[in-house]
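Data block below; observations after.
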Amino acid sequence: MKNIPKDLKEVLNKDYPINIGKIIRREKSNDGSIKYLFEYEGGHTVEAVLLLMREEEKNNEGNITKGAKYTFCVSSQVGCKVGCSFCLTAKGGFTRDLSAGEIVAQVSYLKKENNIDENKSVNIVYMGMGEPLDNFDNLVQAIKIISDPEGLAIATRRQTISTSGISSKIHKLGELDLGVQLAISLHAVDDDLRSELIPMNKAYNIDSIIKSVKEFPIDTRKKVMFEYLVIKDKNDDITSANKLVKILHGIEAKVNLIYFNPYPGTPYERPSRNSMIKFQEQLIKKGLMCTIRESKGLDISAACGQLKEQVNDNS
Ligand code: SAH
Ligand code: SF4
């Protein structure tokens, strides 16, 4: 800003520092997705990913007939406290919460980097590193700034919070009635297996999660997404599929099956395509909407569960 006095600039710099970090690395995937490594104050790093959901389409004259569609996958914490046994982020432990500004900055930087027009809407999923509801106040503040017409003007219905299922916080979020979408990382249909996968399940079990979702104010045109991480020989059987249908009875739900993405040292295995399809068909047969998530950005480790704090080469 050139139109403010020097004294005021000094005061602003000193008393109102803008610590929103910077991009220190970019990696482009073959499928058009781009992974960005952000560095924040203190040298902490998180990743945010631009997922190209649809490529721009042009006619013979070179005019754009259909615009590209983007989803931004945004991080909420450096590391994560939840400690899921299948998640790479969990291996590094928890470092700190991101501030609201640091969360918003991921979205504004990604828009700017990719010359995404001000008026063009993108979808945001809080599915990067961290458990968003464990950083509740900063997350809510970020959502408000991102959705504000004077802010980034991305409607709350285009923003999806993915949570490992902190029922009390789902309830608290529901009371705020922000209009955001909910994605629940369910992953298992019985509490024993779920507790093995997500230790927090001992405090917030499947019943408590389902109850909190039933009370959540959902846009009647939308559904709650249930993410189901499919792990070979653990939860990929038809009995589990049937049980899932029972658990979700009475909820406007859609299920997103996720292939477990293996990484070195994990005891779990990726399921076969055949068992994924069989599982999906069983849910559909019983009347549940079900999709299989394409693993985007697999070649650059930007896919689910592969986001991990990186060591900054310069530090
Ligand atoms: N903490 C939140 C959001 C970040 S994790 C949550 O757990 O929902 C985003 C998604 O990636 C979750 O559904 C999580 O279960 C999934 N995920 C974690 N590790 C994975 C892995 N190794 N393979 C596939 N998906 C994984
Ligand atoms: Fe945290 Fe989500 Fe990973 Fe679990 S899956 S450790 S909640 S980031």
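Quick caveat: nothing in here was measured; it's all calculated off a predicted structure. Atoms within each ligand, like the ligands themselves, are counted from 1 in listed order.
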For atom 9 (C) of ligand 1, tell me which residue out of R270, K81, M127 has the closest non-hydrogen atom.
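Going through R270, K81, M127 one by one, M127 has the nearest heavy atom to atom 9 (C) of ligand 1.
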Distance under 4.0 Å to a non-hydrogen atom of [X]: what atoms of ligand 1 satisfy this?
X    : answer
L229 : 23 (N), 24 (C), 25 (N), 26 (C)
S185 : 6 (C), 7 (O), 8 (O), 12 (C), 13 (O), 15 (O)
E227 : 13 (O)

Pair listing, ring pair (Phe, Tyr, Trp, His ring centres under 6.0 Å) test, anchored in residues 64-83, at least two apart
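Applying ring pair (Phe, Tyr, Trp, His ring centres under 6.0 Å) to every pair that reaches into residues 64-83, excluding sequence neighbours, yields nothing.
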Please confirm whether [X] approaches ligand 1 to less than 4.0 Å, judged on its heavy atoms.
X    : value
C80  : no
G128 : yes
Y259 : yes
H187 : yes

Any sub-3.5 Å donor-acceptor pair from [X]'s side-chain atoms to [Y]'s backbone N or O?
X    : Y    : result
Q159 : V180 : no
D236 : S275 : no
S195 : D191 : yes

Verify whether the ring centers belonging to F86 and F260 lie closer than 6.0 Å.
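F86 vs F260: aromatic centres not under 6.0 Å.
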Of the options I198, D192, L197, which is the one that meets R194 in a side chain to side chain contact (heavy atoms under 4.5 Å, CB included)?
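That would be I198.
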From atom 3 (Fe) of ligand 2, how many protein N/O/S atoms are found at a distance short of 2.8 Å?
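That number is 1, waters not included.
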Please indicate whether any nitrogen or oxygen in F86 is less than 3.5 Å from any nitrogen or oxygen in ligand 1.
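Yes.
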Residue portion contacting ligand 1 (non-hydrogen atoms closer than 4.0 Å) for N261:
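Near ligand 1, N261 shows its backbone as well as its side chain.
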Listing request: all salt bridge (charged side-chain N to carboxylate O under 4.0 Å, His left out) pairs with a residue in residues 203-212, at least two apart in sequence or in separate chains.
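Every pair satisfying salt bridge (charged side-chain N to carboxylate O under 4.0 Å, His left out) with a residue in residues 203-212: K211-E215.
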Mind checking what makes salt bridge (charged side-chain N to carboxylate O under 4.0 Å, His left out) contact with E113, not counting sequence neighbours?
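R26.
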Could you go step by step and tell me if R96 and E102 meet the salt bridge (Lys or Arg N to Asp or Glu O under 4.0 Å) rule?
CA-CA 12 Å; R96 73 166 173 88; E102 288 168 333; 3.0 Å; yes
K234 to Y268, cation-pi by 6.0 Å centre distance and 45° axis angle:
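Pair K234/Y268 does not count as cation-pi.
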